[in-house]
Amino acid sequence: MPLDPPLDLTVAIPSHDDNGNLTRLLRHLAALGIARAVIVTDDGSLPAPDAETLARDSGLEPARLTLLRQDRVRGAGAARNRALLHVKTRHLLFLDADDLPARELRSLCQALAQADPFDFCIFQHHDSRMAQDRQRGQMPFDQDFWVQAGLAQGSLRPVPASAAPLLAQTANYPWNKIYRTAFLLEQGIRCSETLVHNDIALHWQSFLRAKAILSSACIGVTHFVQPGGSRLTNRLDAERLRVFEPLEQIALEIAASTGPAGRLYAPAFFGFALGLLNWVQGTLAQDLQEELKIRGDAFLQRHLSREMCRRLQQDRPADWQRAAELFSLPG
């Protein structure tokens, strides 16, 4: 007998040429029984999967599975945006096809079903790289922000306004949050439709626009990191230069903010941006380095004030020093 979902929840999954992992994920969702509906958006896979086979092989009830199809590869951001338009439940969780939900996720869903209204709940995850040291949990960089926020332990808790910018600086994953569907739709929050860096806008706009954020230290998902290979996240070509599209979008929103959100989030966002640009430079193909410097110089000169530069030097000295070696930072 299928488990009764504790929360009115849809799980939306983008997938490209990954039917094996997708079936494994659907099997875990069927066993956990956390979703009233599952939407898979196939992103131009060849051959294309079919819903009947996915349901049969995973044990997921066919009535709970919707399979959408993009005939050409448009990226996970476009796939998530398409799924969002078909969500009929009150809450939504994005997962990637190679993620695995943990048992704790069902307990979190039970707690959220009894919670006061919220815009989204961010939870912790297990990064597969931690298993190399026989540890379970997030990478130290992410975990440090949870510790600084005072939210690294405990179950469901409201996120204070002072702590939210710290959690916003964790890796901008789309699958570590359970959203109120109406919040995303009413606020017009979407993923960027680029092949890489498509989750930056979703992550930062969620924090900037939310009125009620919850957090849980439970490890809800296992995320698998596979360096190398053909996954879109490993692309080092000109697609990486499109990182400035969501960065510009968020920078402009912060600049236009007249409330406390802009003041609270500006140092966090530009610190994140410095770290991200440093990472992109360290992985980008050599023949694209000059273009990255030109675009990076323009972005930083346009948005960093002298006061912000002083703040970043204080808050993120290592990132600032490296960025200063790569880009022409404002004086």
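Computed from a predicted structure; not experimentally measured.
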Handout entry: Hphob cluster co-occupancy, L92 + L26, side-chain heavy atoms under 4.5 angstrom
Key = no
Fill in the blank from the handout: Nearest heavy-atom contact between L67 and A51 is CD2-N, 3.5 Å
Exercise for the section: Check step by step if side chain to side chain contact (heavy atoms under 4.5 Å, CB included) holds for R136 and M130. Expected result: CA-CA 6 Å; R136 184 169 185 259; M130 295 294 290; over 6 Å; no
Problem - Interatomic distance, K293 atom NZ to L300 atom CG [nearest 0.5 angstrom] - result: 10.0 Å
Problem - S192 (side chain) donor-acceptor with T194 (main chain) under 3.5 angstrom - result: no
Listing, residues 79-86 side-chain donor-acceptor contacts under 3.5 Å, not counting sequence neighbours, or none:
from, atom 1, to, atom 2, distance (Å)
R80, NH1, N198, OD1, 3.1
R80, NH2, D96, OD1, 3.0
N81, OD1, C191, N, 2.9
N81, ND2, G77, O, 3.4
N81, ND2, C191, O, 3.0
N81, ND2, E193, OE2, 3.0
R82, NH1, R69, O, 2.3
H86, ND1, R82, O, 3.0

Practice task
Quick one: closest heavy-atom pair of L32 and A102, and the distance?
Solution key: CD1-O, 3.6 Å
Practice task
For the residue pair L29 and L95, establish whether any side-chain heavy-atom pair is separated by less than 4.5 Å.
Solution key: yes
Practice task
Please list, chain by chain and in numerical order, all residues satisfying ring-ring contact (aromatic ring centres under 6.0 Å, His included) with F272, sequence neighbours excluded.
Solution key: W204
Exercise for the section: Heavy atoms only: give me the nearest A323-L329 pair and the separation to one decimal. Expected result: C-CD1, 4.1 Å
Practice task
Examine distances only and state if a side-chain atom of D43 and a backbone atom of H16 form a donor-acceptor pair shorter than 3.5 Å.
Solution key: no
Handout entry: Gap between atom CG of L105 and atom CD of Q110 - 0.5 Å precision
Key = 10.5 Å
Practice task
Quick one: closest heavy-atom pair of C218 and F123, and the distance?
Solution key: O-CB, 3.9 Å
Handout entry: Transitive ILVMFWY side-chain link V11 to I122, under 4.5 Å
Key = no
Handout entry: Side chains of F94 and P14 in contact at under 4.5 Å (non-hydrogen atoms)
Key = no
Exercise for the section: Would you give the length of the straight line joining atom CE of M139 to atom NE2 of H126, rounded to the nearest 0.5 angstrom? Expected result: 10.5 Å
Problem - Atom CD of E52 with >12 non-hydrogen neighbours under 6.0 angstrom - result: no
Handout entry: Donor-acceptor contact below 3.5 Å, side chain R306 vs main chain P330
Key = no
Practice task
Would you confirm whether Q301, through its side chain, and S328, through its main-chain N or O, come within 3.5 Å as a donor-acceptor pair?
Solution key: yes
Handout entry: Donor-acceptor pair, side chain of S58 and main chain of R27, under 3.5 angstrom
Key = no
Problem - Over 12 non-hydrogen atoms of neighbours within 6.0 angstrom of CD in Q321 - result: no
Handout entry: Side-chain heavy atoms of E253 within contact of Q205, under 4.5 Å
Key = yes
Completion exercise
Distance col, row L277:CG vs R295:CZ, nearest 0.5 angstrom, shows 12.0 Å
Problem - Heavy-atom side-chain proximity of I13 to L22 below 4.5 angstrom - result: yes
Completion exercise
By side chain to side chain donor-acceptor pair (under 3.5 Å), H125 pairs with (sequence neighbours left out) Q138
Exercise for the section: Answer whether the closest heavy-atom distance between the side chains of F269 and L247 falls below 4.5 Å. Expected result: yes
Handout entry: Backbone of L46 reached by a side-chain donor or acceptor of D17 within 3.5 Å
Key = yes
Problem - Side-chain heavy atoms of L274 within contact of L312, under 4.5 Å - result: yes
Handout entry: Test item: side-chain donor near acceptor, D8 and H91, under 3.5 Å
Key = no
Practice task
Output, in order, the C-alpha distance, side-chain angles, deciding distance and verdict of side chain to side chain contact (heavy atoms under 4.5 Å, CB included) for V87 and L184.
Solution key: CA-CA 11 Å; V87 175; L184 294 178; over 6 Å; no
Problem - Interatomic distance, R310 atom CZ to L304 atom CG [nearest 0.5 angstrom] - result: 12.0 Å
Completion exercise
Heavy atoms of L288 and A238 approach each other most closely as CD1-N, 3.4 Å
Practice task
Verify ring pair (Phe, Tyr, Trp, His ring centres under 6.0 Å) between F183 and F118, making sure each step is shown before the conclusion.
Solution key: CA-CA 9 Å; F183 165 66; F118 61 95; 9.8 Å; no
Practice task
Answer yes or no: is there a side-chain heavy-atom contact under 4.5 Å between L25 and D98?
Solution key: no
Exercise for the section: Apply the test side chain to side chain contact (heavy atoms under 4.5 Å, CB included) to residues H197 and R242: give CA-CA distance (whole Å), side-chain angles for both, the deciding distance (0.1 Å), then the verdict. Expected result: CA-CA 8 Å; H197 302 304; R242 297 190 68 182; over 6 Å; no
Exercise for the section: For T53 and P49, indicate whether the former's side chain and the latter's backbone hold a donor-acceptor pair under 3.5 Å. Expected result: no
Exercise for the section: Examine distances only and state if a side-chain atom of R240 and a backbone atom of V280 form a donor-acceptor pair shorter than 3.5 Å. Expected result: no
Problem - Donor-acceptor under 3.5 Å (D133 side chain, Q135 main chain) - result: no
Handout entry: Residue pairs, two or more places apart or on separate chains, that pass side chain to side chain donor-acceptor pair (under 3.5 Å) and touch residues 163-186
Key = D119-R180, Q169-R316, N172-D199, K177-H203, Y179-S206
Review item, side-chain donor-acceptor pairs of residues 156-167, under 3.5 Å, at least two apart:
from, atom 1, to, atom 2, distance (Å)
R157, NH1, G150, O, 3.1
R157, NH1, Q153, O, 3.4

Practice task
Determine, using the 4.5 Å side-chain heavy-atom cutoff (strictly less than), whether F120 and V221 are members of one ILVMFWY cluster.
Solution key: no
Problem - T41 side chain reached by Q70 side chain, heavy atoms, under 4.5 Å - result: yes
Exercise for the section: Scan side-chain atoms only and decide if H303 and E248 contain a donor-acceptor pair under the 3.5 Å cut-off. Expected result: yes
Handout entry: Where A273 and F299 come nearest, the two heavy atoms and their spacing
Key = CB-CE2, 4.4 Å
Exercise for the section: For R302, look at atom CZ and say whether over 12 heavy atoms of other residues, nucleotides or ligands are found less than 6.0 Å away. Expected result: yes
Handout entry: Q281/L284 under side chain to side chain contact (heavy atoms under 4.5 Å, CB included): CA gap, chis, key distance, verdict
Key = CA-CA 5 Å; Q281 189 277 334; L284 193 65; 6.0 Å; no
Exercise for the section: Any chance you could measure Q148, atom CD, to Q143, atom CD, to the nearest 0.5 Å? Expected result: 11.0 Å
Fill in the blank from the handout: side chain to side chain donor-acceptor pair (under 3.5 Å) pairs touching residues 262-278, sequence neighbours excluded, are none
Practice task
May I ask whether L9 and L112 are part of the same hydrophobic cluster, defined by side-chain heavy atoms of I, L, V, M, F, W, Y residues being less than 4.5 angstrom apart, directly or through others?
Solution key: yes
Exercise for the section: Determine, using the 4.5 Å side-chain heavy-atom cutoff (strictly less than), whether L151 and L108 are members of one ILVMFWY cluster. Expected result: no
